[in-house]
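Sequence lines set the chain letters: A, B, ... in the order given, protein chains first and strands last, and positions in each chain run from 1. Here the structure is a predicted model, which is why all the values come from computation and not from measurement.
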Amino acid sequence: MRLATWNVNSLKARLERVEAWLSAASPDVLCLQETKMADDAFPALALGALGYEGVHHGQGRWNGVAILSRIGITDVVHGFADGGPPDDEARLLTARCGTAVVVTAYAPNGRAVGHEQFHYKLAWFERLAAHLDAVADPSEEVVVCGDLNIAPEDRDVWDVEAIHGATHITDEERARFQRLLDWGLVDAFRRCYPDDDRLFTWWDYRAGNFHKHKGMRIDHVLVSEPLAERLSWSLVDRNARKGTGPSDHAPLLIEVEPEAVPA
DNA sequence: ATGGTAGAGCATCTA
(Lines give C-alpha, C1' and ligand atoms only; values in the text may rest on other atoms or scores of the structure.)
Protein backbone atom coordinates (compact mmCIF):
# COMPACT_ATOMS: atom_id res chain seq x y z
CA MET A 1 0.00 0.00 0.00
CA ARG A 2 1.22 3.45 -0.94
CA LEU A 3 -0.21 6.22 1.22
CA ALA A 4 0.42 9.95 1.13
CA THR A 5 -0.56 13.03 3.09
CA TRP A 6 -0.58 16.58 1.72
CA ASN A 7 -1.70 19.91 3.12
CA VAL A 8 -2.83 21.49 -0.16
CA ASN A 9 -3.81 24.97 1.19
CA SER A 10 -7.11 25.05 -0.76
CA LEU A 11 -8.17 22.07 -2.85
CA LYS A 12 -9.93 24.42 -5.26
CA ALA A 13 -6.74 26.39 -5.95
CA ARG A 14 -4.66 23.20 -6.09
CA LEU A 15 -6.96 20.77 -7.93
CA GLU A 16 -4.95 20.63 -11.15
CA ARG A 17 -1.75 20.01 -9.19
CA VAL A 18 -3.44 17.33 -7.09
CA GLU A 19 -4.76 15.59 -10.21
CA ALA A 20 -1.34 15.65 -11.87
CA TRP A 21 0.34 14.46 -8.69
CA LEU A 22 -2.08 11.56 -8.25
CA SER A 23 -1.28 10.38 -11.76
CA ALA A 24 2.47 10.73 -11.24
CA ALA A 25 2.82 9.39 -7.69
CA SER A 26 0.02 6.82 -7.90
CA PRO A 27 -0.82 6.49 -4.20
CA ASP A 28 -3.51 4.04 -3.08
CA VAL A 29 -4.62 6.53 -0.44
CA LEU A 30 -4.11 10.31 -0.34
CA CYS A 31 -5.07 12.28 2.76
CA LEU A 32 -5.59 16.02 2.27
CA GLN A 33 -5.63 18.87 4.74
CA GLU A 34 -6.68 22.51 4.45
CA THR A 35 -9.10 21.89 1.60
CA LYS A 36 -10.78 25.19 2.57
CA MET A 37 -14.09 24.14 1.06
CA ALA A 38 -17.61 23.08 1.96
CA ASP A 39 -18.62 19.44 1.48
CA ASP A 40 -20.81 20.26 -1.53
CA ALA A 41 -17.84 21.83 -3.35
CA PHE A 42 -15.68 18.70 -3.06
CA PRO A 43 -14.60 17.70 -6.60
CA ALA A 44 -15.74 14.08 -6.37
CA LEU A 45 -16.31 13.72 -10.12
CA ALA A 46 -12.84 14.93 -11.12
CA LEU A 47 -11.15 12.67 -8.57
CA GLY A 48 -13.45 9.76 -9.43
CA ALA A 49 -12.31 10.04 -13.04
CA LEU A 50 -8.80 9.23 -11.80
CA GLY A 51 -10.06 6.15 -9.96
CA TYR A 52 -10.34 7.61 -6.46
CA GLU A 53 -13.29 7.55 -4.13
CA GLY A 54 -13.28 10.47 -1.75
CA VAL A 55 -14.75 11.52 1.56
CA HIS A 56 -14.56 15.08 2.77
CA HIS A 57 -15.11 16.85 6.08
CA GLY A 58 -15.23 20.58 5.53
CA GLN A 59 -16.72 23.80 6.74
CA GLY A 60 -16.01 26.36 4.02
CA ARG A 61 -13.35 29.06 4.33
CA TRP A 62 -10.95 27.37 6.68
CA ASN A 63 -9.68 23.92 7.61
CA GLY A 64 -11.25 20.93 5.85
CA VAL A 65 -9.82 17.39 5.47
CA ALA A 66 -10.36 14.60 2.96
CA ILE A 67 -9.38 11.01 2.25
CA LEU A 68 -9.03 9.75 -1.34
CA SER A 69 -8.75 6.02 -1.87
CA ARG A 70 -8.63 3.58 -4.77
CA ILE A 71 -8.78 0.59 -2.40
CA GLY A 72 -12.19 1.40 -0.91
CA ILE A 73 -13.46 3.70 1.83
CA THR A 74 -15.84 2.48 4.54
CA ASP A 75 -16.65 3.22 8.19
CA VAL A 76 -16.29 6.98 7.78
CA VAL A 77 -16.19 9.05 10.97
CA HIS A 78 -16.40 12.85 10.74
CA GLY A 79 -14.56 14.57 13.59
CA PHE A 80 -13.99 13.10 17.03
CA ALA A 81 -15.58 9.85 18.20
CA ASP A 82 -14.49 10.40 21.81
CA GLY A 83 -18.01 11.03 23.10
CA GLY A 84 -17.41 14.76 23.48
CA PRO A 85 -19.17 17.64 21.73
CA PRO A 86 -18.60 18.20 17.98
CA ASP A 87 -15.45 20.17 17.15
CA ASP A 88 -16.33 23.61 15.75
CA GLU A 89 -13.50 23.20 13.24
CA ALA A 90 -13.33 20.51 10.51
CA ARG A 91 -9.93 18.98 11.26
CA LEU A 92 -10.35 15.21 11.57
CA LEU A 93 -11.60 12.41 9.34
CA THR A 94 -11.37 8.65 9.87
CA ALA A 95 -12.13 5.80 7.47
CA ARG A 96 -11.19 2.20 6.72
CA CYS A 97 -9.22 1.91 3.48
CA GLY A 98 -8.56 -1.70 2.54
CA THR A 99 -7.30 -3.37 5.70
CA ALA A 100 -6.15 -0.18 7.45
CA VAL A 101 -7.88 2.36 9.66
CA VAL A 102 -6.79 5.76 8.29
CA VAL A 103 -7.04 8.91 10.39
CA THR A 104 -6.24 12.22 8.71
CA ALA A 105 -5.70 15.27 10.87
CA TYR A 106 -5.18 18.98 10.44
CA ALA A 107 -4.05 19.99 13.92
CA PRO A 108 -4.63 23.55 15.11
CA ASN A 109 -1.70 25.89 14.48
CA GLY A 110 -1.72 27.38 17.97
CA ARG A 111 -0.84 30.90 16.80
CA ALA A 112 1.26 31.85 19.85
CA VAL A 113 2.30 30.12 23.04
CA GLY A 114 -0.26 30.89 25.72
CA HIS A 115 -2.85 32.10 23.20
CA GLU A 116 -6.38 30.75 23.48
CA GLN A 117 -5.71 28.86 20.24
CA PHE A 118 -2.61 27.28 21.81
CA HIS A 119 -4.72 25.83 24.62
CA TYR A 120 -7.24 24.66 22.02
CA LYS A 121 -4.34 22.93 20.21
CA LEU A 122 -3.20 21.08 23.32
CA ALA A 123 -6.77 20.06 24.19
CA TRP A 124 -7.31 18.98 20.58
CA PHE A 125 -4.45 16.46 20.88
CA GLU A 126 -5.96 15.15 24.12
CA ARG A 127 -9.16 14.48 22.20
CA LEU A 128 -7.19 12.87 19.35
CA ALA A 129 -5.70 10.36 21.78
CA ALA A 130 -9.18 9.51 23.10
CA HIS A 131 -10.44 9.29 19.51
CA LEU A 132 -7.81 6.67 18.66
CA ASP A 133 -8.90 4.56 21.61
CA ALA A 134 -12.47 4.76 20.30
CA VAL A 135 -11.86 3.91 16.63
CA ALA A 136 -8.82 1.63 16.51
CA ASP A 137 -6.43 -0.67 18.35
CA PRO A 138 -2.66 -0.48 17.88
CA SER A 139 -2.56 -4.25 17.20
CA GLU A 140 -4.36 -3.64 13.88
CA GLU A 141 -3.26 -1.65 10.83
CA VAL A 142 -3.61 2.01 11.81
CA VAL A 143 -2.36 5.16 10.06
CA VAL A 144 -2.55 8.58 11.70
CA CYS A 145 -1.33 11.21 9.27
CA GLY A 146 -1.59 14.84 8.36
CA ASP A 147 -0.41 18.31 9.22
CA LEU A 148 0.11 17.89 12.96
CA ASN A 149 1.74 21.32 13.30
CA ILE A 150 4.42 19.91 15.62
CA ALA A 151 8.14 19.57 14.86
CA PRO A 152 9.06 16.53 17.01
CA GLU A 153 12.75 17.42 17.52
CA ASP A 154 15.01 20.45 17.15
CA ARG A 155 16.59 18.84 14.09
CA ASP A 156 13.17 19.00 12.40
CA VAL A 157 13.45 22.82 12.29
CA TRP A 158 15.76 24.97 10.12
CA ASP A 159 16.88 27.06 13.07
CA VAL A 160 15.34 26.38 16.45
CA GLU A 161 16.96 29.48 17.91
CA ALA A 162 15.33 31.68 15.27
CA ILE A 163 11.87 30.62 16.46
CA HIS A 164 12.66 30.16 20.13
CA GLY A 165 9.52 30.74 22.15
CA ALA A 166 7.20 30.04 19.20
CA THR A 167 4.66 27.28 18.68
CA HIS A 168 5.34 23.88 17.04
CA ILE A 169 8.46 23.22 19.13
CA THR A 170 7.34 23.55 22.76
CA ASP A 171 7.66 20.75 25.29
CA GLU A 172 3.87 20.69 25.70
CA GLU A 173 3.30 20.13 21.98
CA ARG A 174 6.08 17.56 21.72
CA ALA A 175 4.59 15.68 24.68
CA ARG A 176 1.32 15.42 22.71
CA PHE A 177 3.24 14.04 19.71
CA GLN A 178 5.04 11.56 21.97
CA ARG A 179 1.70 10.42 23.38
CA LEU A 180 0.68 9.30 19.87
CA LEU A 181 3.89 7.26 19.64
CA ASP A 182 3.25 5.83 23.10
CA TRP A 183 -0.21 4.72 21.95
CA GLY A 184 1.60 2.35 19.58
CA LEU A 185 2.51 4.40 16.52
CA VAL A 186 5.82 4.77 14.69
CA ASP A 187 7.00 7.96 12.93
CA ALA A 188 7.40 6.31 9.51
CA PHE A 189 9.54 9.01 7.90
CA ARG A 190 11.93 9.18 10.86
CA ARG A 191 12.23 5.38 10.90
CA CYS A 192 13.42 5.55 7.30
CA TYR A 193 15.88 8.41 7.96
CA PRO A 194 17.07 7.96 11.56
CA ASP A 195 20.27 9.97 11.09
CA ASP A 196 19.25 12.78 8.72
CA ASP A 197 18.54 16.28 10.04
CA ARG A 198 16.70 19.20 8.47
CA LEU A 199 14.35 17.17 6.29
CA PHE A 200 11.23 19.31 6.02
CA THR A 201 7.63 19.13 4.78
CA TRP A 202 6.67 22.82 5.05
CA TRP A 203 8.32 26.09 4.07
CA ASP A 204 6.79 29.53 4.62
CA TYR A 205 5.75 31.24 1.39
CA ARG A 206 7.44 34.41 2.55
CA ALA A 207 11.00 35.65 2.16
CA GLY A 208 12.05 32.86 -0.23
CA ASN A 209 12.20 30.39 2.63
CA PHE A 210 11.80 27.33 0.39
CA HIS A 211 14.87 28.22 -1.63
CA LYS A 212 16.80 28.97 1.56
CA HIS A 213 15.62 25.59 2.92
CA LYS A 214 14.12 27.31 5.95
CA GLY A 215 11.33 24.91 6.84
CA MET A 216 10.00 22.46 9.38
CA ARG A 217 8.95 18.81 9.49
CA ILE A 218 5.38 19.20 10.72
CA ASP A 219 3.50 16.78 8.44
CA HIS A 220 3.69 13.18 9.59
CA VAL A 221 2.62 9.64 8.83
CA LEU A 222 2.39 7.58 12.01
CA VAL A 223 1.77 3.85 11.59
CA SER A 224 1.02 0.99 13.96
CA GLU A 225 3.52 -1.85 14.33
CA PRO A 226 1.81 -4.26 11.86
CA LEU A 227 2.44 -1.61 9.18
CA ALA A 228 5.80 -0.41 10.51
CA GLU A 229 7.32 -3.87 10.22
CA ARG A 230 6.41 -3.92 6.51
CA LEU A 231 7.47 -0.30 5.84
CA SER A 232 9.46 -0.20 2.61
CA TRP A 233 10.28 3.48 2.10
CA SER A 234 9.12 7.02 2.76
CA LEU A 235 9.87 10.32 1.09
CA VAL A 236 8.90 13.98 0.88
CA ASP A 237 8.18 15.05 -2.72
CA ARG A 238 9.88 18.45 -2.68
CA ASN A 239 9.30 18.80 -6.43
CA ALA A 240 5.60 19.33 -5.64
CA ARG A 241 6.59 22.45 -3.64
CA LYS A 242 8.25 24.00 -6.72
CA GLY A 243 7.00 25.86 -9.76
CA THR A 244 4.04 28.20 -10.15
CA GLY A 245 1.34 28.11 -7.51
CA PRO A 246 2.47 25.39 -5.10
CA SER A 247 1.08 24.68 -1.64
CA ASP A 248 3.40 25.72 1.17
CA HIS A 249 3.57 22.00 2.12
CA ALA A 250 5.05 19.10 0.14
CA PRO A 251 3.39 15.67 -0.01
CA LEU A 252 4.78 12.94 2.27
CA LEU A 253 4.56 9.33 1.11
CA ILE A 254 5.06 5.87 2.57
CA GLU A 255 5.14 2.46 0.90
CA VAL A 256 4.15 -0.64 2.89
CA GLU A 257 4.84 -4.11 1.49
CA PRO A 258 1.88 -6.46 1.15
CA GLU A 259 1.39 -8.86 4.02
CA ALA A 260 3.19 -12.11 3.30
CA VAL A 261 0.72 -14.83 2.34
CA PRO A 262 1.72 -18.41 3.26
CA ALA A 263 2.22 -20.65 0.20
C1' DA B 1 12.97 48.27 7.93
C1' DT B 2 9.26 44.15 13.49
C1' DG B 3 8.93 43.11 7.19
C1' DG B 4 7.74 38.90 3.65
C1' DT B 5 3.28 35.53 0.56
C1' DA B 6 -0.83 33.00 -0.31
C1' DG B 7 -5.93 31.84 -0.13
C1' DA B 8 -10.71 33.03 0.86
C1' DG B 9 -13.50 36.66 -0.40
C1' DC B 10 -13.94 41.69 -0.57
C1' DA B 11 -12.32 43.70 5.02
C1' DT B 12 -9.61 41.20 7.21
C1' DC B 13 -8.48 36.59 9.05
C1' DT B 14 -5.49 32.62 9.10
C1' DA B 15 -1.28 30.42 8.42
#### Entry: Between B/dT2 and B/dG7 - P atom distance, rounded Å
25 Å

### Query
Which nucleotide, B/dA15, B/dA6, B/dC13, lies nearest any side-chain atom of A/R91?
B/dA15

#### Entry: Rounded distance in Å - CG (A/L15) to P (B/dA8)
12 Å

### Message
So that I can tick it off, tell me whether A/D28 and A/R2 are bridged by a salt bridge, with the cut-off set at under 4.0 angstrom between side-chain N and carboxylate O.
### Response
no

### Task
Starting at atom CD of A/E34, determine the distance to atom C1' of B/dA15, rounded to an integer number of angstrom.
7 Å

### Query
Rounded to the nearest Å, what distance is computed from the CE atom of residue A/M216 to the C1' atom of nucleotide B/dA15?
10 Å

### Task
Would you mind telling me which residue lines up with the more 5' stretch of DNA chain B, A/A207 or A/N149, judged by nearest nucleotide?
A/A207

### Query
Does a salt bridge link A/R174 with A/E153, judged by any charged N lying under 4.0 Å from a carboxylate O?
no

### Query
Could you give the NZ-to-P distance, from A/K214 to B/dA15, as a whole number of Å?
22 Å

### Query
When all nucleic acid strands are considered with a 4.0 Å heavy-atom cut-off, which category describes A/Y106: base, sugar-phosphate, or nothing?
sugar-phosphate

### Gap in Å between the two P atoms, one belonging to B/dA15 and one to B/dG9, rounded
16 Å

#### Entry: Closest to side chain of A/R61, choosing from B/dA11, B/dG7, B/dA15
B/dA11

### Task
Please state how far atom CG in A/D147 lies from atom P in B/dA15, giving the value in whole angstrom units.
10 Å

### Task
Taking atom C1' in both B/dT14 and B/dG4, compute the distance separating them and give it to the nearest angstrom.
16 Å

### Query
Taking the C1' atom of each, how far is B/dA11 from B/dA1, in whole Å?
26 Å

### Message
Counting only side-chain nitrogens and oxygens, does A/R111 get under 4.0 Å of the OP1 or OP2 atom of B/dC13?
### Response
no

## Note on the structure
Atom CG of A/N7 and atom P of B/dA15 are separated, to the nearest Å, by 11 Å

#### Entry: Spacing of A/Q59 atom CD relative to B/dC13 atom P, expressed in whole Å
17 Å

### Task
May I ask you to say whether A/D196 pairs ionically with A/R217, meaning some side-chain N is under 4.0 Å from a carboxylate O?
no

### Task
Please indicate whether A/R127 has more than 12 foreign heavy atoms, meaning atoms of other residues, nucleotides or ligands, lying under 6.0 Å from its CZ.
yes

### ring pair (Phe, Tyr, Trp, His ring centres under 6.0 Å) partner of A/H220, chosen from A/F177, A/F189, A/W202
A/F177

#### Entry: Gap between atoms NZ and C1', on A/K12 and B/dA6 respectively (whole Å)
15 Å

